[in-house]
Each structure stands twice: as C-alpha cells, then as structure tokens.
K.L.:
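Could you have a look at this structure, given as structure tokens, before my questions?
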Amino acid sequence: MTDTNRTNEAASISAVSIRELTIDDIDSIAALEAADSQTPWNRNSLLTYFFRDDTVMLVAESGGELIGFCGLLLLTPEAEVLDITVSHTVRNRGIGFRLLHEAMNKGHARGVNVVYLEVRDSNAPARHLYEKLGFEAYGRRPRYYTNPTEDAIVMKHEVTALS
C-alpha cells in the first residue's frame with residue numbers, strides 16, 4: 001500500500017461518525033443487517049429495542065450512508081452486546097471497534113461495569129476485535145447458533161472509563 005493510499009484510507013475512516021440510532025435509520029439498518037449479518041435483525045427487532053429505555057443503539061455513518069450498527073442492552077451494572085454489524089465493504093477498518101468502544105463508554109456512563117457477548121466459535125475476526133477491546137472468553141454455549149449449528153463463546157469485559 002502506498003503512502004497516498006494509507007492517507008486516503010485513514011481520511012475515509014476518520015470521516016466515519018458514530019451517533020445514536022434514530023427512527024429514520026431503522027429501514028437502512030434492517031437492510032444492512034439483511035445484507036451483512038449471518039443472523040440479521042429485522043425492522044421489528046430494531047424497533048423493539050429502539051423504543052426501550054435500557055439500550056444503547058449506535059450507527060456508523062460515512063458520506064450520508066449507514067455502514068454499521070451496534071446495540072447494547074443495559075442490565076445495570078451489567079450489559080449485553082445485542083448485535084454489531086459492519087458493511088462488508090468497509091470491514092477491517094476499525095469501524096466495529098469504534099462502535100463497540102463508544103457503546104461501552106455510553107453504558108459505563110449509565111452505570112455498567114461488566115459487558116457480556118456471544119460470538120460464533122468460528123468467527124475469528126470478531127473474536128479478535130473483542131479481544132482488542134479487552135474481552136476474554138468466559139464460557140461456552142453448546143449449539144447456540146443455527147444455520148449452521150455452532151457453539152457460542154461467551155466473552156466478558158470489565159469496563160472502566162475508556163478513552
């Protein structure tokens with residue numbers, strides 16, 4: 001990769017903004033989920049959690065296009081990552097990291113000090129992302145996922161104020 005390409009890629013990633021999900025985003029996020037998630041959320045699932053007071057729902061936006069989503073359910077002092085999806089066209093550029101990092105910061109500000117999530121045993125890229133954020137394997141849920149049937153690795157992270 002040339003220096004110019006690195007500069008352009010860095011600029012495009014810095015142009016990504018993370019913000020709270022709005023009602024106007026629901027259809028776009030449902031479409032993103034359908035296109036880019038192995039276990040996609042539909043419009044009704046998104047709406048159900050959108051209207052709850054105990055969630056953090058964030059989107060990543062670039063150039064007016066929604067390219068990522070992260071949902072966190074607050075069970076203070078704990079939280080569970082409900083879902084995280086990034087468009088396949090912009091994966092491995094730190095967007096998932098930024099989404100989850102910001103969601104955990106918002107959860108921490110609301111009293112969360114432990115975050116849990118499940119991840120497919122075979123999903124090495126996601127597991128690597130979670131480990132970079134400080135998550136550690138905590139347990140296993142046999143045959144948790146379908147299509148294909150697969151174990152889930154339960155991961156846990158003790159949250160402090162994140163920079």
Side-chain angles (χ1 to χ4, degrees), residues 1 5-74 79-107 115-135 137 140-155 157 162:
M1 180 180 282
N5 288 345
R6 279 191 198 103
T7 301
N8 289 342
E9 183 172 318
S12 68
I13 295 309
S14 65
V16 173
S17 62
I18 307 296
R19 63 171 175 78
E20 293 196 17
L21 177 77
T22 69
I23 192 75
D24 293 332
D25 298 330
I26 297 291
D27 289 335
S28 294
I29 294 300
L32 174 72
E33 286 279 328
D36 289 297
S37 178
Q38 196 166 4
T39 52
W41 281 26
N42 61 31
R43 185 177 198 282
N44 289 338
S45 298
L46 288 161
L47 285 169
T48 295
Y49 284 100
F50 175 78
F51 286 112
R52 292 177 61 147
D53 292 331
D54 59 351
T55 59
V56 173
M57 308 282 277
L58 302 177
V59 295
E61 183 175 28
S62 179
E65 180 183 355
L66 297 181
I67 57 172
F69 166 74
C70 181
L72 194 68
L73 177 63
L74 308 179
E80 180 177 350
V81 176
L82 295 169
D83 185 51
I84 183 165
T85 301
V86 174
S87 170
H88 69 279
T89 63
V90 292
R91 287 191 182 151
N92 299 310
R93 297 185 189 174
I95 296 165
F97 183 97
R98 287 182 56 200
L99 277 165
L100 188 49
H101 184 269
E102 183 64 21
M104 289 191 303
N105 271 339
K106 288 184 177 293
V115 178
Y116 295 92
L117 60 80
E118 293 91 13
V119 60
R120 284 183 180 270
D121 190 20
S122 65
N123 193 343
R127 289 174 65 180
H128 179 70
L129 165 67
Y130 303 142
E131 288 166 357
K132 282 190 346 186
L133 281 161
F135 283 85
R140 178 179 291 271
R141 294 197 172 136
R143 299 184 359 235
Y144 180 80
Y145 290 104
T146 58
N147 298 322
T149 301
E150 185 173 0
D151 290 359
I153 303 301
V154 179
M155 300 186 84
H157 176 57
L162 302 169

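Here the structure is a predicted model, which means the values were calculated and not measured. Along the sequence shown, the residues carry numbers beginning at 1. Keep in mind that the numbers below use all heavy atoms, side chains included, and drop hydrogens, waters and symmetry copies.
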K.L.:
In chain order, what residues pass the side chain to side chain contact (heavy atoms under 4.5 Å, CB included) check against E80, with sequence neighbours excluded?
P.N.:
E118
K.L.:
Among residues at least two apart in sequence or on other chains, which ones pass side chain to side chain donor-acceptor pair (under 3.5 Å) with R43?
P.N.:
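Checked R43 against side chain to side chain donor-acceptor pair (under 3.5 Å); matches are D27.
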K.L.:
Is the backbone N or O of R143 less than 3.5 Å from a side-chain atom of D151, with the two atoms forming a donor-acceptor pair by type?
P.N.:
yes
K.L.:
Could you pull out the closest heavy-atom pair between F69 and L32, with the gap in Å?
P.N.:
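Minimum heavy-atom contact is N-CD2, 4.4 Å.
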K.L.:
Return the set of residues passing ring-ring contact (aromatic ring centres under 6.0 Å, His included) with F50 (not counting sequence neighbours), or none when no residue passes.
P.N.:
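ring-ring contact (aromatic ring centres under 6.0 Å, His included) list for F50, sorted by chain: empty.
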K.L.:
Are the side chains of I84 and Y130 in contact, using a 4.5 Å heavy-atom criterion?
P.N.:
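A side-chain contact under 4.5 Å exists here.
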K.L.:
Under 3.5 Å, side chain of H88 to main-chain N/O of D36, donor-acceptor pair present?
P.N.:
no
K.L.:
Not counting sequence neighbours, which residues clear ring-ring contact (aromatic ring centres under 6.0 Å, His included) with Y49? List them please.
P.N.:
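Counting only residues at least two positions away or on another chain, Y49 forms a ring-ring contact (aromatic ring centres under 6.0 Å, His included) with W41.
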K.L.:
Report the residues that fulfil side chain to side chain contact (heavy atoms under 4.5 Å, CB included) with S122, sequence neighbours left out, ordered by chain and then residue number.
P.N.:
R120, E150
K.L.:
How long is the straight-line distance from CG of L82 back to CG of L73, given to the nearest 0.5 Å?
P.N.:
5.0 Å
K.L.:
Tell me, please, which residues at least two apart from R91 pass salt bridge (Lys or Arg N to Asp or Glu O under 4.0 Å).
P.N.:
none
K.L.:
So, for V115 and F135, which heavy atoms are closest and what is the spacing to 0.1 Å?
P.N.:
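Looking at all heavy atoms of both residues, the closest pair is O-CE2, 3.5 Å.
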K.L.:
Could you tell me the separation between the CG atom of L99 and the CG atom of L72, rounded to the nearest 0.5 Å?
P.N.:
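Rounded to the nearest 0.5 Å, the CG-CG separation comes out at 11.5 Å.
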K.L.:
Looking at OG of S45 and CD1 of I26, how far apart are the two atoms once the value is rounded to the nearest 0.5 Å?
P.N.:
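Interatomic distance, S45 OG to I26 CD1, rounded to 0.5 Å: 10.5 Å.
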K.L.:
I'd like to check the side chain to side chain donor-acceptor pair (under 3.5 Å) partners of D121; sequence neighbours left out, ordered by chain and number.
P.N.:
R127, R140
K.L.:
Just verifying a value: how many Å separate I153 CD1 and R141 CZ, rounded to the nearest 0.5 Å?
P.N.:
11.0 Å
K.L.:
Can a donor-acceptor pair be found, under 3.5 Å and without considering hydrogens, that links the side chain of S37 to the backbone of T39?
P.N.:
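Between the backbone of T39 and the side chain of S37 there is a qualifying donor-acceptor contact (under 3.5 Å).
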K.L.:
Mind checking what makes salt bridge (Lys or Arg N to Asp or Glu O under 4.0 Å) contact with E61, not counting sequence neighbours?
P.N.:
R19
K.L.:
Please give me the minimum heavy-atom distance between V16 and R98, naming the atom from each residue.
P.N.:
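Minimum heavy-atom separation between V16 and R98: O-NH2, 2.8 Å.
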K.L.:
So, using salt bridge (Lys or Arg N to Asp or Glu O under 4.0 Å) as the criterion, who are the partners of E131 when residues are at least two apart?
P.N.:
none
K.L.:
Passes side-chain contact (heavy atoms from CB on, under 4.5 Å), L46 versus T48? Steps please.
P.N.:
CA-CA 5 Å; L46 288 161; T48 295; over 6 Å; no
K.L.:
Do V119 and Y144 pass the side-chain contact (heavy atoms from CB on, under 4.5 Å) test, and can you show the C-alpha distance, the side-chain angles, and the key distance before you say yes or no?
P.N.:
CA-CA 10 Å; V119 60; Y144 180 80; over 6 Å; no
K.L.:
Can you list everything that forms a side chain to side chain donor-acceptor pair (under 3.5 Å) with T22? Sequence neighbours excluded, please.
P.N.:
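By the side chain to side chain donor-acceptor pair (under 3.5 Å) rule, T22 matches D25.
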K.L.:
What residues form a ring-ring contact (aromatic ring centres under 6.0 Å, His included) with F97, not counting sequence neighbours?
P.N.:
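Checked F97 against ring-ring contact (aromatic ring centres under 6.0 Å, His included); matches are H101.
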K.L.:
Which heavy atom of I67 sits nearest to which heavy atom of S62, and what is that distance?
P.N.:
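Scanning both residues completely, I find the closest heavy atoms to be CD1-CB, 3.8 Å.
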K.L.:
Measure across G107 and V56 and return the closest heavy-atom pair with its distance rounded to 0.1 Å.
P.N.:
N-CG2, 4.3 Å
K.L.:
Taking all atoms of both residues into account, what is the closest heavy-atom pair of L74 and A79, and its distance?
P.N.:
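Heavy-atom minimum between the residues: CD2-CB, 4.1 Å.
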K.L.:
Could you grab the distance from atom CG of L100 to atom CG of L58, nearest 0.5 Å is fine?
P.N.:
9.5 Å
K.L.:
How many angstroms lie between CE in M104 and SG in C70, if you round to the nearest 0.5 Å?
P.N.:
8.5 Å
K.L.:
Using the test side chain to side chain donor-acceptor pair (under 3.5 Å), find all partners of T89 that sit at least two apart in sequence or belong to another chain.
P.N.:
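Once residues adjacent in sequence are excluded, the partners of T89 under the side chain to side chain donor-acceptor pair (under 3.5 Å) criterion are S87.
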